[in-house]
Amino acid sequence: MAILIDKNSRIAIQGITGREASMVARHTLAYGTPVLAGITPGKGGQEIHGIPIYDSLKAACQEHGINTTAVYVPPAFVYDAVLEAIDNNVKLIWIATENVPQHDALKFLHLAKEAAVIIVGPNSVGIISPGERMKLGAIGGDNPDRCFPPGRIGVISRSGGMTAETSWTIKRAGFGVSTAISIGGDSLIGSTPCDLLALFQEDEGTDAVVMFSEPGTTFEEEVAEMIAAGRFTKPLISYIAGRFTETMPENTVFGHAGAIISQGRGRPSQKEKCLREAGAYVVRNLDEIGDVLRSLFGEEKGGQ
Amino acid sequence: MARLLEDQAKKLLARYGIKVPEFRIVSTADEAGKAAAELGKEVVIKALVPIGKRGKAGAVRFAGDTQEAVKVASEILGLTLSNYPVERLLVEEKLDIEQELYVSITIDSSVKKPAVIASTAGGMDVEEIIQKEKDKVKIYHPDPILGLPAFKAREIWSELGMSGKALLDLTATLVSLYRAWADLDAYLLEVNPLVITHKGEVIAAACVLGLDDSALYRHPDLAGFVQMGMERAWRPLTELEKQAVEVNEKDPYRGTARYTEMDGGDIGFMCGGGGGSLLMFDTLLEFGGKPANYSEFGGNPTAEKVYGLAKVILSKPGVRGLIVAQNITNNTQVDLVAQGLLRALKELNIDPKTFPIVVREAGVNEDEARRLFLQAGIDYYAEEVSMREAAQKIIAKMQEYYGEGSR
């Protein structure tokens, strides 16, 4: 089992004919994930890698019963693409695009919430459920098996690149991944770690979750509250990068737009303290993740 | 994020019907005196630099007459605030202040809504006052689609104890401020203080305006106003940082290469992506290493971009080693990383036999990358080591080359 994407996902790519999106579509098909339709206004009726292209998402939905979309349109068109997906009752909208205007994100996140639609991203590298051989986005590139063997550990990462490295660390320790999610690096994103942990809590295919965090945001503080309240009861292993930023002058921004240190909230040391007190396994280096997994589940469970 | 200087911010607010003090911009003390004479009354002289808390730094001062204006101006012009030398001043009419209030509009990312903060306690110590006297502050989260309706703005001020003409004028001002914030794609609009004068006028005496870089394409008229690359605003960009910005902007559509210079240090730091760089920097410090810079590169950069970044990193005086490491990448062609880096080393006459280098790059075309690096005599790793182990290797190599004292 998995969260967000599985064998029931019926996927379309909005903006499929762009350079990045067409390459990702090819890799996605090669991995074994069906991509049922692509949307590029003005190119309806054409095909790309054998995937039919439509002028509107509505037409694609009528033909293929789309319930999941990957948004690859340029920043100025993301707002419209998300509205189009909401309007067509798509249940999961995953957004790759970087540099989405913040005021647009405020609006479409609000509308999605009102419509009970899940958004992951913007500025996400992707989602992958290896046991289902389903992926959205560039995650894993042309060789997803390198970092994402199937297994029972969930992965949540603020950093796109570290989604792969964190999963590879899990693999190196002899374990595998149920679903790995790059949540996006922007300051405004759809699904937060708490939202995803609620899904992992219900997922019978996930025994524990590893989370890679960065400075800024209040995500980890919220997760600590969630654990303390008994709303997430599986083991959570947390690694928070960027401790050094606490010694930098104020106003310094490192990493993604979200990595803004302000008023103690968002400081790595503060996050670590909250999570540790709530009962999470806070590791000081990524390589320790394997030790914690082995102590929790023993050696023999790896990859199953 | 693009922060505007105060004069530009005030000009923009004026477009939305918000009253601002009359002002002049000057760059010498004599000009300041002339401006004060023109304004014909007491003036406020402010350093025009893109940082906050100028008042506490002595860079916002009053002058009663022309002579005093010249003196005060010459003193402020000699200051450097948070590494920004003061080169220009804003000279503006001093307001007859009856009451100082505070307004800010920003994005509250924890609730994913706009946040309007209004307070009847404005001025220099607003943060502390707001902490202590909670009844003097209202925080309201408008619906992102509907915005801030007038009735809500009226409620806010009324509940803060305002009444009569002031209530109506403050309501109109707050609605206009929200409209400016929304129209301009601002992430922060702060007016402190928002002043009510003896005559009962509501005037934005000082303001901070930051715009969303990602939305600047919607505001071509602001292109000249906005200072880009302000995200590292604790000091102006150094020469090497400017070079790195050039390298990055030359080919903005493929890959990113960011560089921040650190004080001192001897290990050139060429890492990526965002999260991976944070991890590597923490790890080097943990093992006693001294990185000479921070960097992030990724997104499948061209060999040219890698070369440009490597040259910047290796050009900093005192750099005598190099760590190149990324997370296992989704799409980066690591053979291009090899090509770019090797070209920079060759051009700078750096010999890996005498200059410690460790590379950990796993991604597309890594067999070719391995061949290129090994041929050049550079320690290359893909999946054989973790990022942490790569950090340990460069530290060990630095010690091997330069001895224990190198740390």
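Per chain, numbering begins at 1; letters A, B, ... match sequence-line order. Owing to the predicted nature of the structure, the values given are computational and were not obtained by experimental measurement.
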Does any backbone or side-chain atom of [X] lie under 4.5 Å from a heavy atom of chain A? Answer side chain, backbone, both or neither.
| X | value |
| --- | --- |
| B:I107 | side chain |
| B:M280 | neither |
| B:T329 | neither |
| B:I328 | both |
| B:E383 | both |

Please classify the contact of [X] with chain B as side chain, backbone, both or neither, using a heavy-atom distance under 4.5 Å.
| X | answer |
| --- | --- |
| A:F219 | neither |
| A:E222 | side chain |
| A:A76 | both |
| A:L111 | side chain |
| A:L106 | both |

Checklist line | Leading residue by heavy atom contact count with chain B [cutoff under 4.5 Å; candidates A:L109, A:I139, A:D287] | finding: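 Of A:L109, A:I139, A:D287, A:D287 has the most heavy-atom pairs under 4.5 Å with chain B.
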
Notebook entry, point to check: Does A:G216 offer a backbone N or O that forms a donor-acceptor pair with the side chain of A:K271 under 3.5 Å?
Noted result: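 Yes: the side chain of A:K271 pairs with the backbone of A:G216.
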
Check: Are any side-chain N or O atoms of A:T33 and backbone N or O atoms of A:K135, one a donor and one an acceptor, separated by less than 3.5 Å?
Finding: yes

Next item on the list: Please check if the distance between the ring centroids of A:Y72 and A:W94 is under 6.0 Å.
Entry: yes

Next item on the list: Assert yes or no for the condition that the ring centre distance of B:Y259 to B:Y294 is strictly below 6.0 Å.
Entry: no

Check: Of all of B:T332, B:V364, B:N300, B:D143, which one pairs up most often with chain A through heavy atoms under 4.5 Å apart?
Finding: B:D143

Item checked: Donor on one side chain, acceptor on other, A:E220 and A:S213, under 3.5 Å ->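 A pair is found: one side chain offers a donor N or O, the other an acceptor, under 3.5 Å apart.
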
Check: Do you see a donor-acceptor pair shorter than 3.5 Å between the side chains of B:N365 and B:E368?
Finding: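 Note: B:N365 and B:E368 side chains miss the donor-acceptor criterion.
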
Next item on the list: Drop me the distance from B:T106's OG1 to B:I139's CD1, to the nearest 0.5 angstrom.
Entry: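 Taking OG1 in B:T106 and CD1 in B:I139, the distance rounds to 11.5 Å.
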
Next item on the list: Quick one: pull up CG in B:D335 and CD in B:E366 and give me the separation to the nearest 0.5 Å.
Entry: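 Here the rounded value is 10.5 Å.
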
